[in-house]
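A short write-up of the structure that comes next.
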Amino acid sequence: MPTRSSLYLILLTSFTALTAAKNVTHITECPSLTPRCKPTNVNDLRADDIKVIGALGDSITTGFGIMGFDLSIPQLAAMENAKNEYRGLSYGIGGDKNAFTIPNYIEHYQPNITGFSKGAHPVQTCNPDNCNRTLSLLGNGGDGLNAALTGATSMHLGYELDYLIESMQNIQGIDFENDWKMINIQIGSNDMCGACNTSYVNEVTPEKYGGYIEAAIDRIHASVPNVIVNLISTFNVSQVFPLTEAYPNHCVNRNIDLCPCASVPGGLEIMSQLNNAYNEKLVQIYKKYQKSKFHNFTVVYQPIKFNIPAFPIDFFSTLDCFHPSLKGHEWVSKVIWNQLFLPQSYKPKSIDFDGNQTIYCPVDSDRINVH
Ligand SMILES: *[C@@H]1O[C@H](CO)[C@@H](O)[C@H](O)[C@H]1NC(C)=O
Ligand SMILES: *[C@@H]1O[C@H](CO)[C@@H](O)[C@H](O)[C@H]1NC(C)=O
Ligand SMILES: *[C@@H]1O[C@H](CO)[C@@H](O)[C@H](O)[C@H]1NC(C)=O
Ligand SMILES: *[C@@H]1O[C@H](CO)[C@@H](O)[C@H](O)[C@H]1NC(C)=O
Ligand SMILES: *[C@@H]1O[C@H](CO)[C@@H](O)[C@H](O)[C@H]1NC(C)=O
Ligand SMILES: *[C@@H]1O[C@H](CO)[C@@H](O)[C@H](O)[C@H]1NC(C)=O
Ligand SMILES: *[C@@H]1O[C@H](CO)[C@@H](O)[C@H](O)[C@H]1NC(C)=O
């Protein structure tokens, strides 16, 4: 028979589990949610309701270069490895065991989640003219529903969706019509960089960018039932180059050729203006879907106003000092996860890198916040 003090302890513990929101260092420390019936409205979703996850994007989402150079192995092999797409570690769609990624945080609440990408494979780069060809190579390994393509711009979202929608319809073990799904979209870095490529500049105007994003979201709405689109703002890429230039030891292999605007006079200013204009488009798109109230479809928006000039240099991969490292992806996964549960007006206006960043444990009353 429990003593009076142990009873008190049991009561106190369950009371705490019911009420206290917590921030933890590992998702496994988060209390589970109280089971409930499956919600019928997209405005009522908790983490445990998400059964399927997918992503559209570019080389950040493919996980290109995450591991940087491994100095403990021969240089040639290190170079080969460094150029992998580490899709299993990508912040928003990776599902490698114990990785700090959004699918793994969801999996803590919904063990049957599927669609995340696993493992790594050599990079398949696309450029403005051959993204479609690259797409046909996806899906052979652990790509899952990670439809991102290294090199893609917003113009290629249609090709990515060809893959994503067909793969989602065919993925094993889901109820395509009824299961709740989440699709992350983060794209725009290559668009900004492409503004200094004279033969591409007309494809990357804010109007074109917004149009491609809107077309992609409309197509998701028309062809994927029960889905929440998680639209993530662009990164202010122009701020990366002055920072990485200041750290020649970490950035031995700094590669600014990946971004045509990085080496053109006035290029950074052009990118900075496009960054603002793209994000304004994303906000407009988010607001448009806010007004149309569907029970089976919505768009949420995460403004990620990173304070890049103050980032530690190892946020960037030693591969090229352009793509995020593992440390970078891990941190981004936590920041975006934490934002999912905040109302729009509470999302941070400026986000500093925090090496001790914690993970928010949603409670029963939390919802993936739509407003
Ligand atoms: C968790 O972290 C958030 C953001 O840093 C903070 O606002 C909140 O107060 C923290 N909650 C707890 C219970 O510590
Ligand atoms: C996961 O799937 C299995 C097999 O379909 C099912 O028995 C189990 O209840 C599911 N778990 C959750 C948390 O939905
Ligand atoms: C893209 O590739 C797919 C599959 O290879 C093909 O069916 C489709 O026609 C191609 N689209 C374009 C615009 O080239
Ligand atoms: C510039 O754009 C053209 C036309 O789309 C493309 O073929 C080329 O690869 C681009 N160059 C760079 C450096 O991205
Ligand atoms: C979403 O629900 C509406 C009715 O509210 C229905 O007309 C539409 O077909 C549904 N969309 C999908 C993709 O199932
Ligand atoms: C983006 O970076 C530029 C510097 O390249 C800076 O002037 C601008 O304020 C930044 N924009 C935002 C929204 O932080
Ligand atoms: C984390 O916090 C501890 C103590 O609060 C501090 O000493 C340490 O420097 C922090 N680490 C990072 C990477 O910020």
Side-chain angles (χ1 to χ4, degrees), residues 23-26 30-39 45-53 58-59 64 95 100 103-116 123-134 149-156 159 171-176 178-182 187-205 208-209 212 226 237 255-264 267 270-271 274 307 310-315 320 322 325-328 330-332 334-335 351-359 364:
N23 297 311
V24 298
T25 54
H26 199 284
C30 286
S32 48
L33 297 169
T34 310
R36 62 166 189 167
C37 291
K38 190 177 133 188
L45 299 187
R46 311 190 308 190
D48 58 334
D49 297 318
I50 306 296
K51 291 276 187 67
V52 186
I53 189 158
D58 56 25
S59 54
F64 178 61
F100 286 81
N104 283 353
Y105 305 152
I106 295 176
E107 190 182 36
H108 177 65
Y109 300 97
Q110 176 45 265
N112 288 343
I113 186 177
T114 186
F116 47 78
V123 63
Q124 295 161 358
T125 307
C126 72
N127 65 40
D129 312 314
N130 76 352
C131 259
N132 197 33
R133 194 182 66 214
T134 313
L149 292 169
T150 294
T153 65
S154 59
M155 181 191 188
H156 305 113
Y159 296 149
I171 202 165
Q172 295 292 308
I174 74 159
D175 178 343
F176 180 75
N178 297 302
D179 283 345
W180 288 108
K181 309 162 198 76
M182 175 184 266
I187 199 153
S189 300
N190 294 323
D191 300 63
M192 288 177 217
C193 286
C196 299
N197 176 345
T198 46
S199 46
Y200 204 51
V201 60
N202 293 327
E203 278 304 325
V204 298
T205 61
K208 286 271 176 77
Y209 176 83
Y212 289 132
N226 286 8
V237 179
N255 183 356
I256 63 170
D257 295 339
L258 294 169
C259 184
C261 272
S263 48
V264 169
I270 293 173
M271 289 174 77
L274 281 178
N307 184 9
F311 273 8
I313 194 61
D314 59 357
F315 177 92
D320 52 19
F322 182 61
S325 62
L326 181 59
K327 177 172 169 171
E330 289 181 342
W331 177 73
V332 172
K334 298 175 199 176
V335 168
I351 309 177
D352 283 307
F353 187 89
D354 178 359
N356 288 325
Q357 179 69 53
T358 54
I359 300 169
D364 283 354

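Order of appearance sets the numbers: ligands from 1, and atoms from 1 within every ligand. Computed from a predicted model, the values in this text were never measured in an experiment.
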Do me a favour and list the nearest non-hydrogen protein atom to [atom] with residue, atom name and distance?
atom	result
atom 13 (C) of ligand 4	Pro260 CG, 4.1 Å
atom 14 (O) of ligand 4	Asn197 ND2, 3.5 Å
atom 5 (O) of ligand 2	Asn112 ND2, 4.7 Å
atom 6 (C) of ligand 4	Asp129 OD2, 3.5 Å
atom 4 (C) of ligand 4	Ser199 OG, 3.7 Å

Within 4.0 Å of atom 9 (O) of ligand 2 (strictly less), any protein heavy atom?
-> no
Would you confirm whether any non-hydrogen atom of the protein falls under 4.0 Å from atom 2 (O) of ligand 7?
-> yes
Can the positive tip of Lys181 be found less than 6.0 Å from the middle of the six-membered ring of Phe176, inside 45° of the ring normal?
-> yes
Which ligand 7 atoms does Asn356 reach within 4.0 Å, using its non-hydrogen atoms?
-> 1 (C), 2 (O), 3 (C), 8 (C), 10 (C), 11 (N), 12 (C), 14 (O)
Under 3.5 Å donor-acceptor, [X] side chain and [Y] backbone:
X	Y	value
Asp364	Thr34	yes
His108	Cys30	yes
Ser325	Asp314	yes

Tyr200 neighbourhood, listing ligand 4 atoms whose heavy-atom distance to it stays under 4.0 Å | 2 (O), 5 (O)
In a single word, yes or no, tell whether Cys261 and Cys193 have an SG-SG distance below 2.5 angstrom.
-> no
Looking only at heavy atoms, which two atoms of Ile270 and Cys196 are closest? And how far apart?
-> CD1-SG, 4.3 Å
